[in-house]
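Report on the structure given below.
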There are 2 protein chains.
Amino acid sequence: MELKQLNKSELQIMEYLWKLEKGFMKEIVSQFPEPKPAYTTISTLITRMCAKDYVGFEKLGRDKHYYPILKKNTYFSSQLKSMISHFFNDSTTQFASFFTKETDLTLDELEALQKMVGQQIKDKNTVK
Amino acid sequence: MELKQLNKSELQIMEYLWKLEKGFMKEIVSQFPEPKPAYTTISTLITRMCAKDYVGFEKLGRDKHYYPILKKNTYFSSQLKSMISHFFNDSTTQFASFFTKETDLTLDELEALQKMVGQQIKDKNTVK
DNA sequence: AATAGATTACTACATTTGTAGTACTAAAAC
DNA sequence: GTTTTAGTACTACAAATGTAGTAATCTATT
């Protein structure tokens, strides 16, 4: 399956499904904020997403139990890599710099990050 | 101007304009890979982007000299923040963890990151 | 058993996006 | 000056997306 960019509505529904892991129509609809779109609007969107193999379903009687085919990690990993590749000239270092500056990390967050990176450096050295 | 998600074609053109900084039609068209879309296809896309205030132009005789109104930093900062907010529950730490794992940073990159973070910690402490 | 609610399938239309043609005219090339 | 090329405005259509109605029928409630 070729992974393309999810549009806004698709992303919203995927987000709900990733959280639910699996859900009937009612459960998905209940995730939407008020004013909710019409039942049939959501139904159409989900049907189209099934056709695109983003979402699958298990038929239980008349009803369908929907679940995500597209994995959250897969999608975001690809999103992140696409961002790095397109806008930071494939430089993860440039991206990291941008990230730490733009998100204005707190001292605690920076220290947590430093710890994590330090651990990964240790892991890399151990592997060597 | 409310910042919304650029679609694929818009992003492609913005990318070219950010690189060019300013450019005539010919210069923008020349950025496209072969087989290039029709001249009028690109023209329509740019015209629509002008209407959305992503792109502006300076009229020089008959021709238009296009430039980006939407700043690269503005867009990606907003993209990044949206990603963190929507998929990592507003946790920049979780995102950082995901980032360092998914992009499989080299030892050099990790060390460069550690250095950078260390510097920012120093900066934060100095400010205090 | 009857009624109300829920869900799917089908259908339809508006808007947005992708694509590119023609006409006209300015600018460049000869 | 003439011809060719480039660029804009206008136009148009297909596909994708956003939205939601109706009909039929299953499920839940009474």
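Here is the naming used below: chain letters follow the sequence lines, and residue numbers restart at 1 for every chain. Because the structure is a prediction, the values reported are computed rather than measured.
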Euclidean distance, atom CZ of residue B:F24 to atom C1' of D:dT5 [Å, nearest integer]: 16 Å
Validation row, ring centre A:W18 to ring centre A:Y67 under 6.0 Å: no
Spacing between A:L6 atom CG and D:dT17 atom C1', to the nearest angstrom: 14 Å
Contact under 4.0 Å: A:K64 side-chain N or O vs C:dA9 OP1/OP2: yes
C:dG18 phosphate, OP1 or OP2, under 4.0 Å from B:N7 side-chain N/O: yes
B:K26 NZ to D:dT8 P, straight-line distance once rounded to whole Å: 12 Å
Spacing of A:Q12 atom CD relative to D:dG18 atom P, expressed in whole Å: 10 Å
Ring pair (Phe, Tyr, Trp, His ring centres under 6.0 Å) involving B:H86 - partner list, sequence neighbours excluded: none
Hphob cluster co-occupancy, B:L45 + B:L6, side-chain heavy atoms under 4.5 angstrom: yes
Separation of D:dT19 C1' from A:F32 CZ (nearest whole Å): 12 Å
B:S9 side chain near C:dT17 phosphate (N/O to OP1/OP2, under 4.0 Å): no
Distance in angstrom units between B:L45 CG and D:dA16 C1', rounded: 15 Å
A:E34 and A:K36 ion-paired at < 4.0 Å: yes
Phosphate OP1/OP2 of C:dT17 contacted by B:K52 side-chain N/O (<4.0 Å): yes
Letter per nucleotide, 5' to 3', of nucleotides 20-30 of chain D [B base touched, S only sugar-phosphate touched, - untouched; heavy atoms, 4.0 Å]: BBB---BS---
Cationic N near anionic O, under 4.0 Å, A:E27 to A:K22: no
Aromatic plane relationship, A:H65 with A:F24 - under 30° parallel, 30 to 60° tilted, over 60° perpendicular: parallel
Distance, rounded to the nearest Å, where B:I46 contributes CD1 and C:dT19 contributes C1': 14 Å
Parallel, tilted or perpendicular: ring planes of B:F88 versus A:F76, cut at 30 and 60 degrees: tilted
Euclidean distance, atom CE of residue B:M49 to atom P of C:dT19 [Å, nearest integer]: 14 Å
Sugar-phosphate only, base, or nothing, as touched by A:F57 at under 4.0 Å among non-hydrogen atoms: nothing
